[in-house]
*Asks:* 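Quick one: this structure, given as structure tokens, is what I'll be asking you about.
Sequence positions, counted from 1, serve as the residue numbers for this chain.
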Amino acid sequence: MKITAFTVLRYIIHLTAGLPLIWLGYNLYTDNLSYFGSDPIKEIIHFLGWGAILAIIVLFGFRLIVQLSNNKMLLSLHRPLGLWGLCWGTLHIISYLAFELAFDFSLFLSELLQRFYLQLGLVSLLSWGVIGVSSIPYLRRKLSARWFKLHQFSHLVLALAVWHYFLAVKGYDLYSLLFIVLAIVFIIWKYFNKLLIRLVKQ
């Protein structure tokens, strides 16, 4: 089988996204939580959440690179990036439910009603899930042109996820500032990319 640069990139995506989860699973299985400091439960939840928001930032960065390079072939790598991000986000909320709340859904509902950042995170994740499910080939064919319109909400997912992260860390840190700046760049690029390209070419 011929291994192309495209295939290598796909393997890199899967390895980069999957190996940290394998590492986390191994440490949970062996009860070796020394890597996560004095409050491992909290740090594991944050680790998974950080992975999820990093995935969506990388996803939008990759989309921008594809548009700038005009290499349509790379678009098929977009899907595994999105699905891995959804996986990290789902594990983030499952870990919160399992470790923090012991699957007490009434407590989860109470926390959700009281904490705005949880509402932002949940709406972002659910929206991401809807977009991800819509990419199933059968549903994509059924949705037809509506599929593209649905995917325009991905920028809302990005904005809500970054806002959720900012409120969750309770202030400015290097990552929250970086994520905010990048989210603004991606949103500006989404709506003004044609104008920006014309300005660059002048």
Side-chain angles (χ1 to χ4, degrees), residues 9-10 12-24 35-69 71 74-75 77-96 100 115-129 131-132 151-197 199-200:
L9 280 173
R10 184 180 289 275
I12 289 172
I13 289 171
H14 289 303
L15 286 172
T16 304
L19 286 178
L21 292 178
I22 294 173
W23 173 81
L24 175 60
Y35 295 103
F36 298 99
S38 59
D39 191 353
I41 297 303
K42 182 178 179 181
E43 291 305 316
I44 289 170
I45 295 170
H46 287 173
F47 173 73
L48 291 167
W50 189 86
I53 193 167
L54 183 62
I56 195 170
I57 290 291
V58 170
L59 175 67
F60 276 87
F62 178 79
R63 183 183 294 178
L64 191 151
I65 290 169
V66 169
Q67 290 175 338
L68 286 173
S69 65
N71 190 339
L74 291 173
L75 279 175
L77 295 174
H78 189 270
R79 190 165 179 262
L81 277 169
L83 291 177
W84 270 115
L86 182 58
C87 174
W88 276 80
T90 302
L91 290 174
H92 172 56
I93 195 169
I94 289 175
S95 67
Y96 175 71
E100 191 77 17
R115 302 181 189 276
F116 182 55
Y117 78 94
L118 291 179
Q119 297 169 21
L120 292 173
L122 185 61
V123 171
S124 178
L125 182 62
L126 291 175
S127 302
W128 199 349
I131 291 171
H151 275 243
Q152 301 310 298
F153 285 98
S154 60
H155 287 80
L156 176 63
V157 172
L158 170 66
L160 293 178
V162 169
W163 194 359
H164 165 78
Y165 181 86
F166 173 74
L167 294 178
V169 298
K170 298 180 175 63
Y172 295 97
D173 67 359
L174 177 62
Y175 288 117
S176 65
L177 288 172
L178 178 61
F179 292 155
I180 289 169
V181 169
L182 288 174
I184 291 171
V185 168
F186 296 146
I187 291 171
I188 289 174
W189 175 259
K190 163 66 180 174
Y191 293 102
F192 300 101
N193 62 83
K194 292 180 181 178
L195 174 61
L196 292 171
I197 290 172
L199 289 173
V200 170

*Asks:* I need the single residue from I57, I56, L64 that forms a side-chain contact (heavy atoms from CB on, under 4.5 Å) with F60. Which is it?
*Replies:* I56
*Asks:* Using the rule given for side chain to side chain contact (heavy atoms under 4.5 Å, CB included), can you reason through L24 versus F36, listing the C-alpha separation, both sets of side-chain angles and the distance that settles it, and then say yes or no?
*Replies:* CA-CA 10 Å; L24 175 60; F36 298 99; 3.6 Å; yes
*Asks:* Below 4.5 Å, heavy atoms only, C-beta onward: do F47 and S95 meet side chain to side chain?
*Replies:* no
*Asks:* To check you understand the geometry: which heavy-atom pair defines the closest contact between L91 and L48, and what is its length?
*Replies:*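 Reported closest heavy-atom pair: O-CD1, 3.5 Å.
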*Asks:* Name each donor-acceptor pair under 3.5 Å that joins a side chain in residues 155-166 to protein atoms two or more places apart or in another chain, with its distance.
*Replies:*
| from | atom 1 | to | atom 2 | distance (Å) |
| --- | --- | --- | --- | --- |
| H164 | ND1 | Y117 | O | 2.5 |

*Asks:* Nearest 0.5 Å, what's the CG-CG distance between L54 and L59?
*Replies:* 11.0 Å
*Asks:* Is there any side-chain hydrogen bond (donor to acceptor under 3.5 Å, both in side chains) pair reaching into residues 43-54, and which pairs are they, with sequence neighbours excluded?
*Replies:* none
*Asks:* So how far is it from W189 CH2 to I187 CD1, rounded to the nearest 0.5 Å?
*Replies:*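 Reported to 0.5 Å precision, the distance equals 15.0 Å.
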*Asks:* Are any of the side-chain heavy atoms of Y175 and V169 separated by less than 4.5 Å?
*Replies:*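 With C-beta onward as the side chain, the pair stays apart.
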*Asks:* Search all heavy atoms of I12 against all heavy atoms of T16 and return the closest pair with its distance.
*Replies:* O-OG1, 2.7 Å
*Asks:* Give me the atom names and distance for the closest heavy-atom approach of S176 to D173.
*Replies:* N-OD1, 2.6 Å
*Asks:* State the CG-CZ distance between L122 and R115, to the nearest 0.5 angstrom.
*Replies:* 14.5 Å
*Asks:* Donor-acceptor pairs under 3.5 Å, side chain of residues 78-86 to any protein atom, not counting sequence neighbours: which ones?
*Replies:*
| from | atom 1 | to | atom 2 | distance (Å) |
| --- | --- | --- | --- | --- |
| H78 | NE2 | R63 | NE | 3.1 |
| H78 | NE2 | R63 | NH2 | 2.9 |
| W84 | NE1 | H14 | ND1 | 2.8 |

